[in-house]
Amino acid sequence: MTMEPEMLLDMYRRMVTIRTFDRRAVEEFHAGNIPGVVHAYIGEEAVAVGVCTNLRVDDRITSTHRGHGHTIAKGADVKLMMAELFGRTTGYCKGKGGSMHIADFGVGMLGANGIVGAGLPIATGAALAAQMDGNAGVAVCFFGDGASNEGTFHSSLNLASVWKLPIIFVCENNGWAVSVPASYGLSVDDVAVRGTSYNIPGVVVDGVEVLGVYEATREAVRRARAGEGPTLLEFKTHRWRSHAEQRGNPEDPRPQEARDSGPQHDPIAEFARRLTEQGLMSPSLLQQIHQEVEDSVTEAIEFAQSSPFPKPEDALADVFAP
Amino acid sequence: MTMEPEMLLDMYRRMVTIRTFDRRAVEEFHAGNIPGVVHAYIGEEAVAVGVCTNLRVDDRITSTHRGHGHTIAKGADVKLMMAELFGRTTGYCKGKGGSMHIADFGVGMLGANGIVGAGLPIATGAALAAQMDGNAGVAVCFFGDGASNEGTFHSSLNLASVWKLPIIFVCENNGWAVSVPASYGLSVDDVAVRGTSYNIPGVVVDGVEVLGVYEATREAVRRARAGEGPTLLEFKTHRWRSHAEQRGNPEDPRPQEARDSGPQHDPIAEFARRLTEQGLMSPSLLQQIHQEVEDSVTEAIEFAQSSPFPKPEDALADVFAP
Amino acid sequence: MPEITYSQAVMQAFTQEMRRDEKVFHICGGLGPLAGLIPEFGESRVRVCPISEDAYVGASIGAAGSGFRPIVSPGMMTFAFTAMDQIVNQMAKIHYMFGGQSAFPIVFRASTGGGRSAAAQHSQSPHPMFMNLAGLKLIMPSTPYDAKGLMISAIRDNNPVVIFEDQILAASQETSEVPEGDYTIPIGVADVKRQGTDVTVVAISKMVQQALAAADELSSQGISVEVVDPRTLVPMDKGAIRSSVQKTGRVVIVDEACITCSAAAEVSAMITEDPTTFQALKSPPRRVCAPDVPIPYSPIMEQFCIPDKNNVIQAIREVLA
Amino acid sequence: MPEITYSQAVMQAFTQEMRRDEKVFHICGGLGPLAGLIPEFGESRVRVCPISEDAYVGASIGAAGSGFRPIVSPGMMTFAFTAMDQIVNQMAKIHYMFGGQSAFPIVFRASTGGGRSAAAQHSQSPHPMFMNLAGLKLIMPSTPYDAKGLMISAIRDNNPVVIFEDQILAASQETSEVPEGDYTIPIGVADVKRQGTDVTVVAISKMVQQALAAADELSSQGISVEVVDPRTLVPMDKGAIRSSVQKTGRVVIVDEACITCSAAAEVSAMITEDPTTFQALKSPPRRVCAPDVPIPYSPIMEQFCIPDKNNVIQAIREVLA
Ligand SMILES: Cc1ncc(C[n+]2csc(CCOP(=O)(O)OP(=O)(O)O)c2C)c(N)n1
Ligand SMILES: Cc1ncc(C[n+]2csc(CCOP(=O)(O)OP(=O)(O)O)c2C)c(N)n1
Ligand SMILES: [Mg+2]
Ligand SMILES: [Mg+2]
């Protein structure tokens, strides 16, 4: 398969945008400008981008507590995202949701979720809607290795298989659920083998190499659009930071090896290397992309900071739709 | 393996007891003597007996809404069972539970359950207790094909595998969940393949032939007592009657073939044939066993009928233990 | 006007709304009467599910957020506690958390209530749990007429609406007048089921019948009872209930739920915290509820737990004493 | 007496009870402070689980029915709605349904409450749901002293006991006096946290601090406030609350839960349905609760939702007016 250069460069830019957004969000969190909690996606950029590059804007995804990457990859606006993290009225959720509840229905991003495994049934419903609409649309459900032990994983994959729904279940296996290693909580080595229980294909893929992610997802999306049913994709990836940012920025409780292994697998550096080999990337272009992204995130932070806070009684709005 | 004749005959007697108990309970239900609901186990007797013959009295089981067979097979008293169905103070639960909530903790029967799939976590906990007690005890969890699509199936098997618990998960696959065929609700042909998702053995066994059930369970129980962890056993069996008895005894809504196939697979007739072949059963002995069982169930019904009803305010007792 | 049963009234609402809006479809745990919709609407709009309430209740949320209007029917509410996270953390909060970006038009309907010797798990009245859960509307119709009109309103509402159909009412063969055509009853409006002057009885769902029976019996003894049916528990028609109590000065609240934190507790608190109504009270508000026990199996004990006409009459006598 | 934090008090109860009874062990979703127990008691008595609340909450029931005394800690209550069937249909009913055959000694503990900008799912106060659910005892301690004494009672109780530890209190570094030895506080006994004569404030969990702060401020203005902490919501110490209200004739109830069907609703109904207390009331009982909304993320809006000292003061002024 040959991919258009600008598409490859766009993928690279999105990965850098995710990395930069979360790096800056973490800074703003520790500077006290972002309340609540932030779960950084740093190190896993290739999964969100490799997957979402296969999607139409009207395809739908559900996300997790670690949702910034999915949101950016699906095409959301970093300004409205940052404003939400800052708790401002200009944010995607008017400051009602925050980091764990960002959504942009306009681009088919049906929401981050603070409950592990809760996105699987919702994505299954989005896939049902796509099937009933009959426009060859698909749904993608992102979830973690830890989530694959929740009951909703089982019931959702079974239901999706029974109805032959156009859905791709994307397990981001970063090897950890907070401080519990997947090797403890998971009774199997690969989540992908669990596809067997639902008569759907399960594929294990390196989640560091974005083109491999893209390729594997492409086939799964083709199957889904062709009415051939769900696929379970497992991407082995690496979480660089602590499970969540905490005030005072305490040390990541995971063992040294785990903490070190992250940066040894850098999807962005890896992709830059490949693009350079292919003659698509030059030091100056690389420098330019990073600079442009940095500026756009800086702009997003300024937008957020200069946006108004909600009024206290705004809390009473939006309980029910008109 | 050679089995003692009296053990074989005891197994036969238990199967007949289950059949007779449910036949008579169904009659009493339609005679208006049993309120609420009754789910008959008729046709599935070989599973409960073949499994429980491997168990010690201090091994523990959890059951389902279709629990009379498991309860009898584990050694409960038909008099106290029938009294419970009749809603009398002499029943196992003093009339508070009824058919869907019979339990006899004295023989390790931790309860029928009105919620599909709810027994799996509870049995997992009983297995954890057995492991911590360190007496090589085991737990057995009975559940249906329909239950295998609930989230608790997944989370319980994973947890049991992670902790290598002494438990046997016994799926009674009778092909139906009320009026929904397993071929529709189950995304796979055999529930047993789902063992793969938890790194535990899954075995498909004919549930009509009691000695085959006994054999398969024997190995699973051996593994459990030896600390080798859980096993998933799937027994293909047949439900003869409607999902549940209903007032007016309407026709079983399942298609004709399904209704007919039951009696074509009779575990009791099948076992009688074998025992006769082996010279252990004679027409007169068979006749004698059936008569003795019939009498004991008649006695149970008389006991139930002659037992006192609870007082209205007894409803207020037993909310909390002293 | 034709007379039909409670269940027939609900089915009429379904048929008419499914004709009116092709986005309306059913997700259910078991067909039951819904099977009657398949010939006209096909299996793609009446979908039976494997036993996995968490998956299909959650799927209704995803479908609603993707432009459809699902009606999800697990059967008995008790089955759907396995889907409680999807109800509590997703369905009830998703519209608000996302700042109102998308509507989630969902009808979640299930049967509740006791009276059939189905024992503790299958005889519950957990509606108060849902009243405390912000983000869901909650309806408990007591008549075929209310059931149809409120179901149509629920289907057309752009929010998750929970409808609990009492299992005795849903199975009842009793019929009453229901217009054939399409009509709506606004969500949040109580109905005075019987006018009276001496005492107000606020009764919920199946309890309305018991309250009316008590009112009949007492009227022959010269006691005039007003029976108010909130019909909608969230939002509740506080005005209607308070003004009835202001008129009579006495109130009995009949609710099948266990008494602690029951809907009756909310009605009582809502009545007494309003100064005008509080001043008008001539005697303490009285709750008639189930005791705080899981509902027992044996009929004698079960009947003791579920409020009936006689409990209502006794309570009325107490507040009049 | 040594001064320790809320969390340290809870850990002291665990350590002492685990030494006292080898059947006591932990099942948890994540270790947190429980990690401190592993050196002494080992991993077999402090068990971390895969993320599967339904499985491990249910496992605690099976273990309890098999002779052990599990303490199950999912972390936040919001995580455990995925285990709601095991709580509602199994844990709460199993002793009763089986006619009292077996005891089920289980401590189910989780954090609740808002105030940390954790948004709707992670800032809930769902305790009223559990009050309506017959079969569970329910405790919400407001101080380190109460937390230790009530935790020990809960561990020794032969029934499922739910303990909700407010997430602000549980994370607080504030210390207060707690006896080092082993002592128990009986379940079902309220505590008068401050004596007063003009008005009774019934406050739950974290709200006790707000009530005491309000009392301090008002005392300087000559208003004498009595603060009653129920400590246990099920069973509730009705006598203690009613007699305080009989003394003051005025009551404000402070509860972080959404107001509809809140614990405050139950307290209000329980107060007014008692004729003596009803007669003693000089003004309508007043509830101070969160509004009926999912708790929002942005601090300004969240603070608006969660009751504080000023809301309490305003309510007291109203009932005194
Ligand atoms: C039902 C539920 N249980 C527990 C938690 C607490 N929790 C939040 S994230 C997390 C770990 C999730 O691990 P994984 O699914 O692998 O995602 P990752 O954080 O690795 O991206 C846990 C246990 C929760 N939010 N929801
Ligand atoms: C959680 C839940 N969902 C639905 C039901 C209603 N129900 C009772 S039994 C049953 C079918 C169960 O099928 P299976 O597990 O195969 O057991 P079988 O009846 O065939 O023995 C259903 C759907 C229930 N009791 N609990
Ligand atoms: Mg992970
Ligand atoms: Mg079956």
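Within every chain, numbering begins at 1; the chains are lettered A, B, ... in the order of the sequence lines, protein sequences first and strands thereafter. Predicted, not measured: the structure shown is a model, and the values here were computed from it. Side chains included, hydrogens not; waters and symmetry mates left out as well; all remaining heavy atoms used.
- In this structure, chain A has no heavy atom under 4.5 Å from any part of C:V88.
- For chain C, the nearby part of A:Q131 is the side chain; its heavy atoms alone come within less than 4.5 Å.
- Counting heavy-atom pairs closer than 4.5 Å to chain C, the top residue among A:D133, A:L120, A:T124, A:T62 is A:D133.
- At a 4.5 Å heavy-atom cutoff, the contact between A:A317 and chain C is made by backbone atoms alone.
- Within the 4.5 angstrom heavy-atom criterion, no atom of C:I51 approaches chain A.
- Side chain to side chain, A:H154 and A:R194 fail the donor-acceptor criterion of an N or O pair below 3.5 Å.
- The part of C:K23 that comes within reach of chain A is its side chain, from C-beta onward, which places non-hydrogen atoms under 4.5 angstrom from that chain.
- With a 4.5 angstrom heavy-atom cutoff, C:F104 touches chain A only via side-chain atoms.
- Residues A:D314 and A:K94 are not paired through a salt bridge, judged by the lack of any N-O separation under 4.0 Å between the basic side chain and the carboxylate.
- A salt bridge links A:D58 to A:R56: at least one charged side-chain nitrogen sits closer than 4.0 Å to a carboxylate oxygen.
- Of the listed residues A:A139, A:P322, A:G117, A:A126, the one with more heavy-atom pairs under 4.5 angstrom with chain C than any other is A:A126.
- A salt bridge is defined here as a Lys NZ or Arg NE, NH1 or NH2 lying under 4.0 Å from an Asp or Glu carboxylate O, and C:R19 with C:E40 meets this definition.
- Side-chain contact, A:T90 with A:S307: a donor N or O sits under 3.5 Å from an acceptor N or O.
- A donor atom on one side chain and an acceptor atom on the other are found under 3.5 Å apart for C:D54 and A:S155.
- For A:A127, no part lies near chain C; criterion is any non-hydrogen pair under 4.5 Å.
- Comparing C:D85, C:V57, C:I94 by how many heavy-atom pairs each has under 4.5 Å with chain A, the most go to C:D85.
- Each of A:G119, A:A315, A:A160 has some count of heavy-atom pairs under 4.5 Å with chain C, and the biggest count is that of A:A315.
- For a residue to count as touching a neighbouring chain, one of its non-hydrogen atoms must lie under 4.5 Å from one of that chain's; by this rule A:V162 touches chain C with the side chain only.
- The two atoms that bring C:F108 and C:A80 nearest to each other are CZ-CB, 3.7 Å, heavy atoms only.
- Between chain A and the options C:S66, C:S52, C:A64, C:G100, heavy-atom pairs under 4.5 Å are most frequent for C:S66.
- With a 4.5 angstrom heavy-atom cutoff, C:F98 touches chain A via backbone and side-chain atoms both.
- Heavy-atom distances place no part of A:A123 under 4.5 Å from chain C, backbone and side chain included.
- Checking C:S111 against C:E165 by side-chain atom types alone, no donor-acceptor pair falls below 3.5 Å.
- Of the two parts of C:N158, the backbone and the side chain both hold a non-hydrogen atom closer than 4.5 Å to a non-hydrogen atom of chain A.
- A:K96 and A:D318 are joined by a salt bridge, as a carboxylate oxygen and a charged side-chain nitrogen come within less than 4.0 angstrom of each other.
- Neither side chain, A:R222 nor A:T217, offers a donor N or O lying under 3.5 Å from an acceptor on the other.
- Proximity to chain C involves both the backbone and the side chain of A:L110, based on heavy atoms less than 4.5 angstrom apart.
- Looking at A:D22 and A:Y41, their side chains never bring a donor and an acceptor atom within 3.5 Å of each other.
- The choice from A:I115, A:N158, A:T152 that makes the most heavy-atom pairs within less than 4.5 Å of chain C is A:I115.
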